[in-house]
Amino acid sequence: MFVKIITLCLLLSGCASVTKSHLDDVQKNFSHGNFETVTKDKDIKNENNLDLLIDATALFHENKFSESDAAFEEFNKRNLHETSSSILRETSGLLFGNGVNSYKPYMMDSLFVSYYQIWNLLALQDWSNVRVVINQSYNRQQNMSIEYKKLIEENKDKLSKSSQLQEILDKNQNDWAAFTDIMNPALMYLSGIYFLNDGDFENAEIYLKRANGMMGDNTFIQTDLKLAQQHKKPKNTTWVFYESGFAPRLQEKDFSFYVPKIGLVYFSFSEPYFDQSTPTPPNSQLLADVDKMFMTEYNEYRTNEILRSYTSAISKTAMQATMYNSHNNNASILGVLSSVYTATSSNTDVRTWATLPKNIYVQRIDRTKQNITQNDFIDDDIKLKLKNSDNSLIYIREHNTITDKKFINLK
């Protein structure tokens, strides 16, 4: 029986490295615009959470908006209670490592699902369902904010009982920038623009106030907020949302310390590494720093991860010592097997939604004031094909070899 468990752990350990390699390939394909290689011959209903998110994004970039929306909806159905956990999940993670569990989305993932769903529905001109998704996302963000505050308090309580773990966290805490709450200013601003353009000034003000509170130095948000407060619709205006780079990825970091009567304990936890900085597009302002969004949530999950890994490592090391010191004729073999089990079952979860951008910028163009007419340029590369007096949205995703552009005339 024990040998079977060891075999399972070895397989799981292998799966973890395969997953990391898979995410590396996904980012490489996305950076070169090879979206079709990601979604080829995939059945979204049979995919795991992480591949579902990646494929939904790839379908969006392929302009398959209905299919992308269906994939995101499948994700939503599976993750109605994304902030919750379970005893079974925690137990299996302690015994066999996090790789045995399905990918548990970050709260940030769910907010980005809403963000891309809105883009899909705007591209499909499905105005009524845009409103539905926006309302759902607002409620979701409110609930997440409450759960996030609970998580902070729980972690404080757990760490207060272990000065050793607090020391580990302090030593490995880099200068990571983070927000103070769960948020997605790009989602809030896009929602505010929708309501402002629709003449729903009350809702527009709610969302634009939230976006302004998140990114208070963005003058484009402030301009639209002022319009909402004055009950004025913008005219001849184009908003350009520009995504670049990739969000943080995770890598495994090993750590060891001595525990009296047990010996040297080894355990691992994840550590983020960041994509290279990307230049700000001409005449644009930062709308969403996804690094900071990720680190806001990750800082708290990392505490939980270290607590789990710490508990698991001590129990496994104690088991290993017991095996070696037993009077069984096979003590040495059992000890070796338990060592293998300890090493392979402590794999760290390094799964993240690897195709999210590093930064989202926005450019707000008043075409009347700037005298920009049909077929003129926003910058050196992007031509405008706009109807006179219409408001428009432009989505841009910058890649190494191509630029994905979507032009949407608002109603």
Exercise. How far apart are the C-alpha atoms of D289 and N359, what are their side-chain angles, what is the distance that settles it, and do they pass the side chain to side chain contact (heavy atoms under 4.5 Å, CB included) test?
Worked result: CA-CA 5 Å; D289 184 335; N359 288 313; 3.9 Å; yes
Would you indicate whether the side-chain heavy atoms of [Y] and [X] approach each other to under 4.5 Å?
{"X": "M188", "Y": "Q141", "value": "yes"}
{"X": "Y106", "Y": "T352", "value": "yes"}
{"X": "L356", "Y": "D109", "value": "yes"}
{"X": "I221", "Y": "M214", "value": "no"}
{"X": "H61", "Y": "Y395", "value": "yes"}
{"X": "N203", "Y": "R131", "value": "yes"}
{"X": "F60", "Y": "F35", "value": "no"}
{"X": "N391", "Y": "T238", "value": "no"}

May I ask you to decide whether [X] forms a salt bridge with [Y], counting only side-chain N to carboxylate O separations under 4.0 Å?
{"X": "E147", "Y": "K150", "value": "yes"}
{"X": "R78", "Y": "E74", "value": "yes"}
{"X": "D349", "Y": "K104", "value": "no"}

Between [atom1] of [X] and [atom2] of [Y], what distance do you get to the nearest 0.5 Å?
{"X": "D126", "Y": "S128", "atom1": "CG", "atom2": "OG", "value": "5.0 Å"}
{"X": "S110", "Y": "N143", "atom1": "OG", "atom2": "CG", "value": "11.0 Å"}
{"X": "L23", "Y": "R351", "atom1": "CG", "atom2": "CZ", "value": "9.5 Å"}
{"X": "M295", "Y": "M108", "atom1": "CE", "atom2": "CE", "value": "10.5 Å"}
{"X": "N283", "Y": "I365", "atom1": "CG", "atom2": "CD1", "value": "8.0 Å"}
{"X": "D55", "Y": "F72", "atom1": "CG", "atom2": "CZ", "value": "10.0 Å"}

Problem set entry | By side chain to side chain contact (heavy atoms under 4.5 Å, CB included) - contacts of L393 (at least two apart) | W119, L122, L190, I193, W239, F241, I408, L410
Exercise. Of all residues at least two apart in sequence or in a different chain, which pass the side chain to side chain contact (heavy atoms under 4.5 Å, CB included) check with S66?
Worked result: L124
Is the backbone of [Y] close enough, under 3.5 Å, to the side chain of [X] for a donor and an acceptor to pair up by distance?
{"X": "N49", "Y": "Y103", "answer": "yes"}
{"X": "Y242", "Y": "T280", "answer": "no"}
{"X": "Y148", "Y": "M107", "answer": "no"}
{"X": "K358", "Y": "F274", "answer": "no"}
{"X": "S137", "Y": "I134", "answer": "yes"}
{"X": "S145", "Y": "Q142", "answer": "no"}
{"X": "T57", "Y": "L53", "answer": "yes"}

Give me the atom names and distance for the closest heavy-atom approach of [X] to [Y].
{"X": "N212", "Y": "Q222", "value": "OD1-CG, 3.3 Å"}
{"X": "L287", "Y": "M215", "value": "O-CG, 3.2 Å"}
{"X": "S114", "Y": "R140", "value": "OG-NH1, 3.5 Å"}
{"X": "F201", "Y": "A228", "value": "CB-O, 3.7 Å"}
{"X": "E47", "Y": "L52", "value": "OE1-CA, 3.9 Å"}
{"X": "Q27", "Y": "A247", "value": "NE2-O, 4.4 Å"}

Exercise. Taking atom CD of Q276 as the centre, does the number of heavy atoms from other residues, nucleotides or ligands within less than 6.0 Å exceed 12?
Worked result: no
Exercise. Are the aromatic ring centres of Y189 and Y207 under 6.0 angstrom apart?
Worked result: no
For this session: Quick one: do Q285 and T219 satisfy side-chain hydrogen bond (donor to acceptor under 3.5 Å, both in side chains)? Show the steps, please.
Result: CA-CA 8 Å; Q285 296 180 32; T219 59; 2.5 Å; yes
For this session: Kindly indicate, with the supporting measurements, whether the criterion side chain to side chain contact (heavy atoms under 4.5 Å, CB included) is fulfilled by L250 and Y298.
Result: CA-CA 10 Å; L250 297 176; Y298 171 75; 3.6 Å; yes
For this session: Can you tell me which residue pairs pass the salt bridge (charged side-chain N to carboxylate O under 4.0 Å, His left out) test with a partner in residues 209-227, sequence neighbours excluded?
Result: E205-K209, D224-R364
Problem set entry | side chain to side chain contact (heavy atoms under 4.5 Å, CB included) between T223 and D366, intermediate numbers included | CA-CA 11 Å; T223 297; D366 184 334; over 6 Å; no
For this session: Report the C-alpha separation of Q117 and E73 in whole Å, then their side-chain angles, then the decisive distance to 0.1 Å, and conclude whether the side chain to side chain contact (heavy atoms under 4.5 Å, CB included) test is met.
Result: CA-CA 8 Å; Q117 276 194 291; E73 270 302 296; 2.8 Å; yes
For this session: Before giving the answer on side-chain hydrogen bond (donor to acceptor under 3.5 Å, both in side chains), spell out for T296 and K292 the whole-Å C-alpha distance, their side-chain angles and the decisive distance to 0.1 Å.
Result: CA-CA 6 Å; T296 300; K292 286 181 69 174; over 6 Å; no
